[in-house]
Amino acid sequence: MSENLIEESIISRPTYGTLAIAPGLAHYFVADASGAECVIRVAQAAPKDFMEKVHILYVPTPGESALITALYALGAKRFEHMVSIDDAVAKLGQWLSEAKMGSQLYLAGTEGLIGKGVAMAEQCGLDHTAVHCEHRGSLARRVQCVHCKTMIEDVTTQPTKCPSCDLLLLVRDHYSRRLAAFQGVCINAEDPSEQVEIKEVFK
Amino acid sequence: MTIQFRNETFRNDFTYANSRSNIPRFPFPFPEDEYMYSTNMEPHMAMRAGSPFENAFDVDEHYVAEMQERALVLADDPGRCQALPHMETAGWDFLELVMVSKARDYPDLFTLSIDGDRWHWINKPLQINDRFTFGDRSTLPCHPMEYIGRQVQGDHAILDQRDGNLWLDAGIITAQADWSLDFDIGMNFFEWHAPVPLAHELGVFQRALKFLLSLPQGQPSRRLNWTLTVNPRLDTSPENYPKWGPDKLAVTPDNIGEKIHLRVELQTFWRLPRSNAIVFPIRTYLMAMNEVVTQPKWARRLHRVLRDLRPELVEYKGLSRYHPMLVEWLAQFDDGAPTSPGIFPD
Ligand code: HEM
């Protein structure tokens with residue numbers, strides 16, 4: 001998928017760059033399948049001793065193994081693959097709590113992974129200048145229903161139905177880094193009889 | 001002057017109204033016949049006896065009813081009051097500011113006695129008589145921000161200052177014009193303002209932040225902000241949008257004068273002494289169109305402001321469904337005569 005799919009929008013809506021090595025004593029990478037190639041690209045361009053300072057957490061798509069092999073072959077100091085983004089981010093929290101000053105964090109993949117990784121880094125007190133993100137893969141959004149507070153993963157449509165309270169939600173660009181989520185607000189609250197077409201827009 | 005506190009509601013049967021003598025003291029938000037966003041901030045100095053700018057924290061006839069309304073909202077949704085862990089000192093700062101100001105400005109309603117860190121607070125209208133140790137959370141029933149926030153009209157946000165920005169790290173927000181504390185908590189000045197149209201491009205927020213970052217203690221500032229609300233409903237939160245959204249469809253040319261309310265926020269900004277945070281009271285005043293038009297200057301001016309309002313603001317403020325109807329209704333009060341400068345009625 002091409003880079004920079006995210007259009008300019010309101011200020012709380014994050015935009016992301018391209019990963020490159022930043023000076024640091026330890027380097028933590030978290031990637032999902034769509035971000036794996038970014039990790040490989042950065043590692044291949046790195047100086048010789050770089051991989052000794054690298055820790056990788058990887059979330060493969062179920063059944064996939066070629067990228068696990070490729071990432072493992074990079075020879076990082078630590079490499080683990082996890083079944084879900086939440087597990088990987090929880091593990092990241094453990095690693096960061098033991099991490100040295102001057103650590104760098106690299107997040108590569110879908111917005112859900114990046115958002116949760118950023119929130120964890122903030123929680124662990126990592127300076128935001130030490131967090132680097134590259135967005136790859138699906139534009140699916142994590143959305144908080146403002147009405148019943150349910151977190152809805154992998155939202156691809158506009159509007160989207162809240163699985164918990166059944167309201168039809170407008171997915172706004174307003175984004176909370178703390179929640180790692182976009183805001184969903186009822187789209188036909190003023191006139192619930194209004195029919196709104198549901199379109200696939202966050203692919 | 002004694003205040004007669006009204007027994008009234010902001011939901012269901014909506015018995016809220018302004019008494020006749022309360023109407024001229026309404027903080028009408030338009031100094032001119034047109035309106036656009038600007039960095040409209042001025043010192044929060046005492047001015048005009050009887051106006052809402054006379055005292056640090058204005059207390060009016062709606063005080064008791066508003067505090068009852070706040071209690072109902074918090075019982076329903078405790079998430080309307082939240083503070084990140086580092087905001088407790090700021091909560092005490094805020095409590096002190098309110099207690100000291102109210103006891104000074106309304107000695108017949110509030111008294112505060114301080115003996116070292118042993119404080120005694122009496123709030124007569126709400127029948128509260130409490131002794132506590134300042135700075136010791138265990139001597140209050142809840143977080144100091146919540147404790148005092150349940151006794152002061154208006155929503156309150158507390159902003160932590162760091163990295164050259166302000167962070168929305170605590171608040172007690174039950175009467176908001178369509179924004180969510182639960183969603184916005186932890187955001188910085190530019191992030192929580194992100195949904196506002198046009199103002200970013202005009203540099204309004206850059207200038208406002210710069211000003212606030214150097215806000216000195218003891219020199220509070222204020223500004224007015226406004227929108228319109230159908231029915232005198234204080235809780236127009238996004239959380240409850242399905243409850244108040246349909247109200248907009250019930251507006252007709254016959255009931256528009258009683259249904260639509262001008263909703264004005266008197267916003268003030270105070271530097272806090274121990275935490276270096278800023279407390280941001282958002283004090284909401286509601287007035288039905290029928291009440292507004294009793295002041296001929298306000299009626300003329302409101303007609304002109306709304307008629308010429310930028311479409312982006314009509315949309316953002318959520319007025320689209322009834323905006324044309326309202327402009328037409330207000331036109332009957334506008335004879336084209338010039339209006340005097342400033343916000344006060346003639
Ligand atoms: C520092 C404390 C402040 C806080 C906590 C605050 C908070 C907010 C919030 C939550 C909104 C609603 C945004 C949304 O749509 O979700 C808003 C709107 C707005 N704010 Fe602020 N604000 C503050 C200070 C200021 C200042 C100093 C200005 C000065 C120009 C300002 C100008 C505005 C404007 C123009 C809007 C749009 C209002 C409307 O059209 O109804 N704010 N603010």
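We use all heavy atoms of the structure for the numbers below, so side chains are in, but hydrogens, waters and symmetry mates are not. This is a predicted model, so every value here is computed, not measured. In the text below, chain A, chain B and the rest are named by the order of the sequence lines, each starting its count at 1.
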Roughly how far, to the nearest 0.5 Å, is the [atom2] atom of [Y] from the [atom1] atom of [X]?
{"X": "B/E239", "Y": "A/C148", "atom1": "CD", "atom2": "SG", "value": "11.0 Å"}
{"X": "A/R177", "Y": "B/N188", "atom1": "CZ", "atom2": "CG", "value": "6.5 Å"}
{"X": "B/H200", "Y": "A/I11", "atom1": "NE2", "atom2": "CD1", "value": "4.5 Å"}
{"X": "B/W192", "Y": "A/S176", "atom1": "CH2", "atom2": "OG", "value": "13.5 Å"}

(request) Measure from the side-chain N and O atoms of A/R178 to the backbone N and O of B/I185, and report whether any donor-acceptor pair falls under 3.5 Å. (result) yes
(message) Closer than 3.5 angstrom, by distance alone: can the side chain of A/H174 be matched with the main-chain N or O of B/D184 as a donor-acceptor pair?
(response)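 Here the side-chain-to-backbone pair does not exist.
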Do other residues, nucleotides or ligands put more than 12 heavy atoms under 6.0 Å from [X] [atom1]?
{"X": "B/E315", "atom1": "CD", "value": "no"}
{"X": "B/H323", "atom1": "NE2", "value": "yes"}
{"X": "B/E328", "atom1": "CD", "value": "no"}

(request) Give, as side chain, backbone, both or neither, the part of A/Q144 having an atom under 4.5 angstrom from any heavy atom of chain B. (result) side chain
(message) Given heavy-atom pairs under 4.5 angstrom as the criterion, report whether the side chain, backbone, both or neither of A/V146 touches chain B.
(response)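 Answer is both: backbone and side chain atoms of A/V146 are under 4.5 Å from chain B.
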[X] vs [Y] side-chain heavy atoms within contact, under 4.5 Å:
{"X": "B/S180", "Y": "A/K149", "answer": "yes"}
{"X": "B/P242", "Y": "A/L167", "answer": "yes"}
{"X": "B/R321", "Y": "A/D191", "answer": "yes"}

(request) Run the salt-bridge test on B/K243 and A/E190 with the 4.0 Å N-O cut-off and return the result as yes or no. (result) no
(request) Give the minimum heavy-atom separation between A/I10 and B/A194, together with the two atoms involved. (result)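 Residues A/I10 and B/A194, closest heavy atoms: CB-O, 3.7 Å.
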(request) Grab the two heavy atoms, one from B/M187 and one from A/Y175, that are nearest each other, plus how far apart they are. (result) CE-O, 3.3 Å
(message) I need the residue from B/P195, B/P197, B/G79 with the largest number of non-hydrogen atom pairs under 4.5 Å to chain A.
(response)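 Option with the greatest count: B/P195.
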